[in-house]
Amino acid sequence: MLPNNLITDGEAGFESRGQYESKPAACLPQLPEKPPVTMLGVAFGNVTFAETLARIDAMIASQQPHYICTANVDFLVQARRDRELRRILNEAHLVLCDGTPLVWASRWLGNPLPERVAGSDLVPQLIRVAADKNHRLFFLGATPEANEQAVANVRTQFPNVTIAGHYSPPFRPLPEMDNEEITKRIRATHPDIVLVAFGCPKAEKWMAVNYRSLGVPVTIGIGGTIDFLAGRMKRAPLWMQRAGLEWIFRLCQEPRRLFRRYATDMWHFGWAMAADLCHAKLRARLKPSISETTKGAA
């Protein structure tokens, strides 16, 4: 079975989501697309969890290729020094806010995101929807062992879900990856959704280059979610998720890998957001004086 804490945490606090997912596609609300929320040069989709599911459902119905990024603070820090990654994020069909600190930051800047839409919460819901609607899934990435275990757990928990295929390619730098082999495996199974677990920025750069040739309606980067599905990593308790403290729980699980990254991210993100906040306040102060000058000139 899927790890209990993953299922519980993904569902808790989202009672309305279950009601939303149970509706047939024809009954889903047709919501107008809202302007994106931009932070540190990256445009985030101004969407709720339910609206994200509706967008993905529409992408699948269109049968046109799309790619989706689930971006957290580390993405923004990397994108500040990696122009290619920043371009890829801004050209994505949807960038989701995968971090409570980003929701807080958007509020401080006066253009709030509606809520966090974490990949680790979204994927279990996509699996449920796939089981209900016969969407075909493909699991790509993570270690071979984690990939196999995740697929086995999902099949046990959701006997009706169609996992069209799964593959963990040999670990290589992005330019040395056998994209022809990966593409051939995916195209042969005709999935509706490809879940990509290569890590950032590798997953995002791989998707941007290959999503068209895959011919798959939705290709989405999911970070370490396959490890959660496999039961190799635990989700933080719900109270820590709601308080924006999930990063502390993860740091305790992987201190060697994450300590330096988190310290660097907090430093750069904190200073960058402080600068953006100062600029926003300055612009707000200048607006009245500019309008008064314009009126005087008229």
With a 4.5 Å limit on heavy-atom distance, are the side chains of Thr225 and Leu122 in contact?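 Counting from C-beta outward, Thr225 and Leu122 never come under 4.5 Å.
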
I'd like to check Leu94 versus Met59 (side-chain heavy atoms, cut-off strictly below 4.5 Å). Are they in contact? yes

Rounded at 0.5 Å granularity, tell me how far [atom1] in [X] sits from [atom2] in [Y].
X: Ile163; Y: Phe158; atom1: CD1; atom2: CZ; value: 10.0 Å
X: Phe44; Y: Leu76; atom1: CZ; atom2: CG; value: 4.5 Å
X: Leu195; Y: Thr219; atom1: CG; atom2: OG1; value: 9.0 Å
X: Met39; Y: Ser106; atom1: CE; atom2: OG; value: 5.0 Å
X: Thr162; Y: Arg155; atom1: OG1; atom2: CZ; value: 9.0 Å
X: Asp192; Y: Asn134; atom1: CG; atom2: CG; value: 9.0 Å

Can you hop from [X] to [Y] via hydrophobic side chains spaced under 4.5 Å?
X: Phe138; Y: Val218; answer: no
X: Val196; Y: Phe228; answer: no
X: Leu214; Y: Ile193; answer: no
X: Ile88; Y: Phe75; answer: no
X: Ile222; Y: Phe171; answer: no

Looking only at non-hydrogen atoms, find the nearest pair between [X] and [Y] and report the distance.
X: Leu102; Y: Leu113; value: O-CD1, 4.2 Å
X: Ile226; Y: Ala150; value: O-CB, 3.7 Å
X: Asn46; Y: Pro112; value: OD1-O, 4.3 Å
X: Arg136; Y: Thr189; value: NH2-O, 2.7 Å
X: Pro217; Y: Gln63; value: CG-NE2, 3.7 Å
X: Gly119; Y: Pro124; value: O-CD, 4.4 Å

In terms of side-chain geometry, is the basic nitrogen of Lys133 or Asp57 positioned less than 4.0 Å from the acidic oxygen of its partner? yes

Result block: side-chain N/O donor-acceptor pairs under 3.5 angstrom for residues 140-147, not counting sequence neighbours:
residue, atom, partner, partner atom, Å
Thr143, OG1, Ala146, N, 3.1
Asn147, OD1, His166, ND1, 3.1
Asn147, ND2, Phe139, O, 3.4
Asn147, ND2, Gly141, O, 2.9
Asn147, ND2, Tyr167, O, 3.4

Any sub-3.5 Å donor-acceptor pair from [X]'s side-chain atoms to [Y]'s backbone N or O?
X: Glu204; Y: Cys69; answer: no
X: Asn153; Y: Leu229; answer: yes
X: Thr70; Y: Leu96; answer: no
X: Asn210; Y: Ser213; answer: no

Once side-chain contact (heavy atoms from CB on, under 4.5 Å) is applied, do any residues pair with [X], and if so which ones, sequence neighbours excluded?
X: Glu176; result: Arg172, Pro173
X: Val103; result: Cys97, Arg107, Arg116
X: Ala58; result: none
X: Asn90; result: Val42, Ala43, Arg86

By salt bridge (charged side-chain N to carboxylate O under 4.0 Å, His left out) - contacts of [X] (at least two apart):
X: Glu181; answer: Lys184, Arg185
X: Arg87; answer: Glu91
X: Glu84; answer: Lys205

Below 6.0 angstrom between ring centroids: does that apply to His93 and Tyr67?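 Aromatic pair counts; centres sit under 6.0 Å.
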
Going by ring pair (Phe, Tyr, Trp, His ring centres under 6.0 Å), name the residues that satisfy it together with Phe198, two or more places apart in sequence or in a different chain.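 By the ring pair (Phe, Tyr, Trp, His ring centres under 6.0 Å) rule, Phe198 matches Trp206.
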
